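Along the sequence shown, residues are numbered consecutively beginning with 1. Atoms within each ligand, like the ligands themselves, are counted from 1 in listed order. Any value given below was found using the heavy atoms of this structure, including those in side chains, with hydrogens, waters and symmetry copies removed. What you see is a predicted model, and the numbers here were worked out from it, not measured in a lab.
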Amino acid sequence: MSTVGNSTNIFWQECPVGKLERQRLLHQKGCVVWITGLSGSGKSTLACSVNRELYSKGKLSYILDGDNLRHGLNKDLGFKAEDRTENIRRVGEVAKLFADAGLICIASLISPYRKDRDACRAMLPDSNFIEVFMNMPLELCESRDAKGLYKLARAGKIKGFTGIDDPYEPPLSCEVCFGLTALTHYGHVHLISCVSYYYSIKYHNSHFLYYVVFDAFYI
Ligand SMILES: Nc1ncnc2c1ncn2[C@@H]1O[C@H](COP(=O)(O)OS(=O)(=O)O)[C@@H](OP(=O)(O)O)[C@H]1O
Ligand SMILES: Nc1ncnc2c1ncn2[C@@H]1O[C@H](COP(=O)(O)OP(=O)(O)O)[C@@H](O)[C@H]1O
């Protein structure tokens, strides 16, 4: 019996069919691929491409996209610091459940604060969390402005927009970093090949990420 947060007198329920059994059933290992970066840095595009690539190889993955989750689970949250923190915490918990279900969970959120991302990492066993940083300059993201939000933020019509008047804290040690000129891949995920890929080649980004997941989890 324990007390967790505001819940008292609660018990953890075990079930004989666990993560290992589900992974065996699915022929894959559950994990979380966490894609972080500015709005317009290419998070959703990469998430969709790697999802498609995994699907075509018979691997089950599921995307948790910040924008989409704010239409449902997180529709009570805005963009002030404590709301973003709660947003990331909830998505971290959901991602953990998906990984426990045996899925490759691809979370794609700005997740601007380092401590929030680190808290999500801490929810999972070591190496089950692959942090992917879309390290694109603000100028590039702003020039894309796919949703016209940077323009509104510059005009003062959106307050607290990440990169404009709200901070983005880049990861200090992530597993994969996609930048303008080259890709670096480090951390505790075993390195397969140290090749540089150019950001404009979308296919290579997702292909590389697919192999990182493949390599880390022998799927
Ligand atoms: N103030 C402000 N700052 C940043 N982004 C904003 C803001 N207002 C709306 N949007 C839109 O919301 C999307 C980001 O949602 P997230 O849940 O990923 O944000 S966060 O992780 O909680 O910071 C983000 O989507 P992406 O462009 O896909 O990143 C924007 O479309
Ligand atoms: N690697 C890339 N090279 C060139 N354009 C890209 C690349 N990735 C994404 N884009 C484009 O940039 C814009 C923003 O991409 P998106 O994936 O929606 O970013 P985010 O989810 O981070 O907001 C879209 O118009 C998309 O087509």
Side-chain angles (χ1 to χ4, degrees), residues 32-53 63-95 105-121 129 131-171 174 176-184 195-210:
V32 174
V33 178
W34 191 281
I35 307 176
T36 172
L38 291 172
S39 174
S41 59
K43 301 181 299 296
S44 305
T45 305
L46 177 63
C48 287
S49 317
V50 79
N51 184 52
R52 198 183 320 112
E53 193 146 357
I63 299 174
L64 298 177
D65 189 279
D67 247 339
N68 293 355
L69 293 171
R70 283 173 176 278
H71 284 77
L73 177 69
N74 294 330
K75 67 178 170 193
D76 57 325
L77 302 175
F79 287 92
K80 55 183 197 281
E82 56 267 40
D83 281 10
R84 291 186 200 249
T85 293
E86 175 60 10
N87 183 32
I88 301 314
R89 188 195 70 78
R90 283 184 203 172
V91 179
E93 290 287 356
V94 174
C105 181
I106 306 165
S108 162
L109 296 98
I110 296 179
S111 40
Y113 309 141
R114 203 174 289 133
K115 67 169 176 30
D116 297 342
R117 296 190 302 265
D118 288 348
C120 293
R121 179 187 287 278
F129 188 89
E131 190 173 356
V132 180
F133 175 32
M134 302 305 287
N135 187 12
M136 303 300 163
L138 175 66
E139 301 72 50
L140 175 71
C141 301
E142 196 168 352
S143 70
R144 289 175 174 167
D145 207 8
K147 301 168 189 159
L149 297 180
Y150 281 104
K151 199 168 169 216
L152 291 174
R154 288 290 184 197
K157 291 181 181 152
I158 300 179
K159 302 279 183 220
F161 197 79
T162 306
I164 305 294
D165 54 352
D166 214 62
Y168 179 83
E169 300 167 359
C174 54
V176 180
C177 173
F178 290 110
L180 261 189
T181 52
L183 175 153
T184 36
V195 190
S196 293
Y197 288 111
Y198 290 92
Y199 82 102
S200 55
I201 308 169
K202 292 184 196 179
Y203 173 73
H204 277 174
N205 277 358
S206 65
H207 200 56
F208 186 87
L209 191 52
Y210 168 77

Please list, in number order, the atoms of ligand 1 under 4.0 Å from a heavy atom of [X].
| X | value |
| --- | --- |
| Gly66 | 17 (O), 18 (O) |
| Thr162 | 3 (N), 4 (C) |
| Gly160 | 1 (N), 2 (C), 3 (N) |
| Lys147 | 25 (O), 26 (P), 27 (O), 28 (O), 31 (O) |

Examine the proximity of ligand 1 to [X] and report which part, side chain or backbone, both or neither, has a heavy atom under 4.0 Å away.
| X | value |
| --- | --- |
| Leu149 | side chain |
| Ile88 | side chain |
| Phe79 | side chain |

**ligand 2 atoms in contact with Ser39 (distance to a heavy atom under 4.0 Å)** =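 It comes down to these atoms of ligand 2: 23 (O).
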
**Interfacing atoms of ligand 2 (cut-off 4.0 Å, heavy-atom, Leu38)** = 22 (O)

**Aromatic Phe79 / basic Arg70 pairing, under 6.0 angstrom, 45° off normal** = yes

**Prompt:** For Thr162, what residues pass the side-chain contact (heavy atoms from CB on, under 4.5 Å) criterion, not counting sequence neighbours?
**Reply:** Leu38, Arg84, Ile110, Pro112, Tyr168

**Prompt:** Can you list the residues that meet the side-chain contact (heavy atoms from CB on, under 4.5 Å) rule with Lys147, with sequence neighbours excluded?
**Reply:** Asp67, Leu149

Hey, what do you get for [atom1] ([X]) to [atom2] ([Y]), rounding to the nearest 0.5 Å?
| X | Y | atom1 | atom2 | value |
| --- | --- | --- | --- | --- |
| Ile164 | Lys159 | CD1 | NZ | 12.5 Å |
| Leu69 | Asn74 | CG | CG | 6.0 Å |
| Met134 | Leu46 | CE | CG | 5.0 Å |

**Asked** Are the side chain of Asp165 and the backbone of Gly160 linked by a donor-acceptor contact shorter than 3.5 Å?
**Response** yes

**Message:** Using modelled atom types and a 3.5 Å cut-off, is there a donor and acceptor pairing between side-chain atoms of Tyr150 and backbone atoms of Ser39?
**Reply:**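 Judged by distance alone, yes, a pair lies under 3.5 Å.
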
**Request:** For the pair Asp76 and Arg90, find out whether any cationic side-chain nitrogen is under 4.0 Å from an anionic carboxylate oxygen.
**Result:**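 Looking at Asp76 and Arg90, the cut-off is met.
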
Can you check whether [X] has an N/O within less than 3.5 Å of an N/O in ligand 1?
| X | answer |
| --- | --- |
| Ile110 | yes |
| Arg84 | yes |
| Pro112 | no |

For [atom], what is the closest protein heavy atom, and at what distance to 0.1 Å?
| atom | result |
| --- | --- |
| atom 16 (P) of ligand 1 | Arg70 NE, 3.6 Å |
| atom 29 (O) of ligand 1 | Lys43 NZ, 2.8 Å |
| atom 27 (O) of ligand 1 | Ser39 OG, 2.6 Å |
| atom 13 (C) of ligand 1 | Asp67 OD1, 3.4 Å |
| atom 2 (C) of ligand 1 | Phe161 CD1, 3.3 Å |
| atom 21 (O) of ligand 1 | Ser111 N, 2.8 Å |

Is it the case that ligand 2 has an N or O less than 3.5 angstrom from some N or O of [X]?
| X | value |
| --- | --- |
| Gly42 | yes |
| Lys43 | yes |
| Ser44 | yes |
| Leu46 | no |

**Message:** Given Leu109, Asn87, Asp166, identify the one with the heavy atom nearest to atom 20 (S) of ligand 1.
**Reply:** Asn87

**Asked** Taking the minimum heavy-atom distance to atom 10 (N) of ligand 2, which of Met136, Met134, Arg144 ranks first?
**Response** Arg144

**Prompt:** If you look at every heavy atom in Ile35 and Ser111, which pair is closest and at what distance?
**Reply:** O-OG, 4.4 Å

